[in-house]
K.L.:
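Let me give you the structure first, and then I'll get to my questions.
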Amino acid sequence: MEYLIVLALLAIILFCLGFSLGDVLMMIAVLLCVGIVFVGAFFVFSLVVLIASREVSASFVKMNDDGRYPCAVYKVGDSEVKNLFPSEMIMKDKLYVPEKEIKIRRCVFFKAALDKNAVITIVFGSAVFIPLSAVVILAMKWFFGL
């Protein structure tokens, strides 16, 4: 909601500076396209992390709430690793069962884990946003004649 308010205020300021409605709509469209490309780049990075990780056995320990987002902490051997993605909020008690042995993917160079929910998010997000980013880049290239 805050983003819409900022976008509306930015549009009003641009109108006051003399930009036309078409110019403002074009700027909003370009911002949306840039956002889609950034999300696609994030999923490319996440896919690289997924490919570079290996499957290990782990058990859920706790929820870590001291970062930017709450995430699950898993115990792998003697060390604890945080999940790279935020924890699910809806079915927390069914997904994160303490002391239950599960399979996760552990990324060694980031010292992070990817649970089943993170893997599903990466696979579906990559399937949607990587091709969409390519289409947006080609459309912007065609539209602007670059």
Side-chain angles (χ1 to χ4, degrees), residues 1-11 13-14 19 21-146:
M1 187 65 183
E2 297 87 17
Y3 296 116
L4 292 176
I5 294 171
V6 169
L7 200 59
L9 289 174
L10 186 62
I13 290 170
L14 290 173
F19 287 92
L21 179 63
D23 294 336
V24 172
L25 291 176
M26 182 62 64
M27 288 179 198
I28 291 171
V30 168
L31 283 175
L32 284 173
C33 291
V34 168
I36 289 171
V37 170
F38 276 131
V39 171
F42 167 75
F43 278 113
V44 166
F45 168 76
S46 298
L47 202 56
V48 168
V49 169
L50 179 64
I51 291 169
S53 63
R54 59 185 169 90
E55 191 173 281
V56 295
S57 294
S59 61
F60 172 74
V61 178
K62 63 181 177 179
M63 282 294 171
N64 185 8
D65 292 329
D66 58 348
R68 291 176 56 191
Y69 53 83
C71 65
V73 177
Y74 294 100
K75 184 171 183 136
V76 178
D78 293 334
S79 63
E80 291 184 354
V81 290
K82 288 196 259 184
N83 194 2
L84 200 56
F85 278 62
S87 63
E88 296 296 322
M89 296 295 164
I90 298 173
M91 298 179 7
K92 219 181 229 187
D93 54 341
K94 292 184 176 146
L95 293 173
Y96 306 108
V97 180
E99 306 300 323
K100 182 181 176 186
E101 194 77 17
I102 61 169
K103 297 284 186 186
I104 63 168
R105 302 205 47 101
R106 183 175 183 189
C107 183
V108 178
F109 54 85
F110 281 114
K111 294 181 178 55
L114 296 169
D115 58 7
K116 237 187 303 188
N117 300 323
V119 171
I120 291 170
T121 302
I122 291 170
V123 169
F124 284 122
S126 297
V128 171
F129 278 100
I130 292 173
L132 184 62
S133 295
V135 168
V136 164
I137 289 171
L138 291 175
M140 294 299 284
K141 184 177 178 182
W142 174 79
F143 186 76
F144 288 115
L146 300 173

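Quick note: residue numbers are just sequence positions, from 1.
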K.L.:
Are F60 and V97 side-chain neighbours, meaning at least one heavy-atom pair lies under 4.5 Å?
P.N.:
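They are not in side-chain contact.
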K.L.:
Looking only at heavy atoms, which two atoms of P131 and S126 are closest? And how far apart?
P.N.:
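Heavy atoms only, the tightest pair is CD-O, 3.4 Å.
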K.L.:
Output yes when a side-chain donor or acceptor of S46 lies under 3.5 Å from a complementary backbone atom of I122, and no otherwise.
P.N.:
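No, the answer is negative, given that no donor and acceptor are paired below the 3.5 Å cut-off.
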K.L.:
Are side-chain heavy atoms of M26 and F19 found at a separation under 4.5 Å?
P.N.:
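SC-SC contact between M26 and F19 ruled out.
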K.L.:
Mind listing the closest non-hydrogen atom pair of A72 and S87 along with its distance?
P.N.:
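Closest approach of A72 to S87, heavy atoms only: N-CB, 4.2 Å.
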K.L.:
Could you measure the distance from the CZ atom of R106 to the CG atom of L84? Nearest 0.5 Å is fine.
P.N.:
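Here the interatomic distance stands at 13.0 Å.
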K.L.:
Between K100 and S59, do the side chains contain an N or O donor and an N or O acceptor separated by less than 3.5 Å?
P.N.:
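No - no donor-acceptor pair under 3.5 Å links their side chains.
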K.L.:
Any side-chain heavy atom of N83 within less than 4.5 Å of one from N117?
P.N.:
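They are not in side-chain contact.
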K.L.:
Does F43 have any ring pair (Phe, Tyr, Trp, His ring centres under 6.0 Å) partners at least two apart in sequence or in another chain, and if so, which?
P.N.:
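Scan of F43 (ring pair (Phe, Tyr, Trp, His ring centres under 6.0 Å), adjacent residues dropped) gives F129.
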K.L.:
Atom CZ in F42, atom CD1 in I130: separation rounded to 0.5 Å?
P.N.:
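These two atoms lie 11.0 Å from each other.
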K.L.:
To the closest 0.5 Å, what do you measure between NZ (K62) and NZ (K82)?
P.N.:
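Here the interatomic distance stands at 9.0 Å.
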K.L.:
Below 4.5 Å, heavy atoms only, C-beta onward: do M140 and V30 meet side chain to side chain?
P.N.:
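Sidechains of V30 and M140: in contact.
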K.L.:
Less than 4.5 Å apart, side chain to side chain, heavy atoms only: is that true for K103 and S57?
P.N.:
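When only atoms from C-beta onward are counted, S57 and K103 do touch, with a gap below 4.5 Å.
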K.L.:
State whether the number of non-hydrogen atoms from other residues, nucleotides or ligands found under 6.0 Å of E99 atom CD is greater than 12.
P.N.:
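Count not over threshold, so no.
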K.L.:
Which one of I102, V76, V81 satisfies the side-chain contact (heavy atoms from CB on, under 4.5 Å) criterion with V56?
P.N.:
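Exactly one candidate clears the test, V76.
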K.L.:
Please determine whether the number of non-hydrogen atoms from other residues, nucleotides or ligands lying under 6.0 Å from atom OH of Y3 exceeds 12.
P.N.:
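No.
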K.L.:
Any side-chain heavy-atom pair from I28 and L7 closer than 4.5 angstrom?
P.N.:
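Yes; the side chains approach each other to less than 4.5 Å.
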K.L.:
Out of curiosity, I137 CD1 to L132 CG, how far, rounded to the nearest 0.5 Å?
P.N.:
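Reported to 0.5 Å precision, the distance equals 10.0 Å.
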K.L.:
Quick one: closest heavy-atom pair of A11 and V24, and the distance?
P.N.:
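Smallest heavy-atom distance, with atoms named: CB-CG1, 3.8 Å.
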K.L.:
CZ/R54 to CD1/I104 distance, rounded to the nearest 0.5 angstrom?
P.N.:
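Here the interatomic distance stands at 10.0 Å.
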K.L.:
Hey, mind stepping through L14 and D23 against side chain to side chain contact (heavy atoms under 4.5 Å, CB included) and telling me if it holds?
P.N.:
CA-CA 9 Å; L14 290 173; D23 294 336; over 6 Å; no
K.L.:
With rounding to the nearest 0.5 angstrom, report the OH to CG distance, Y74 to D115.
P.N.:
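If we round to the nearest 0.5 Å, Y74:OH and D115:CG are 3.5 Å apart.
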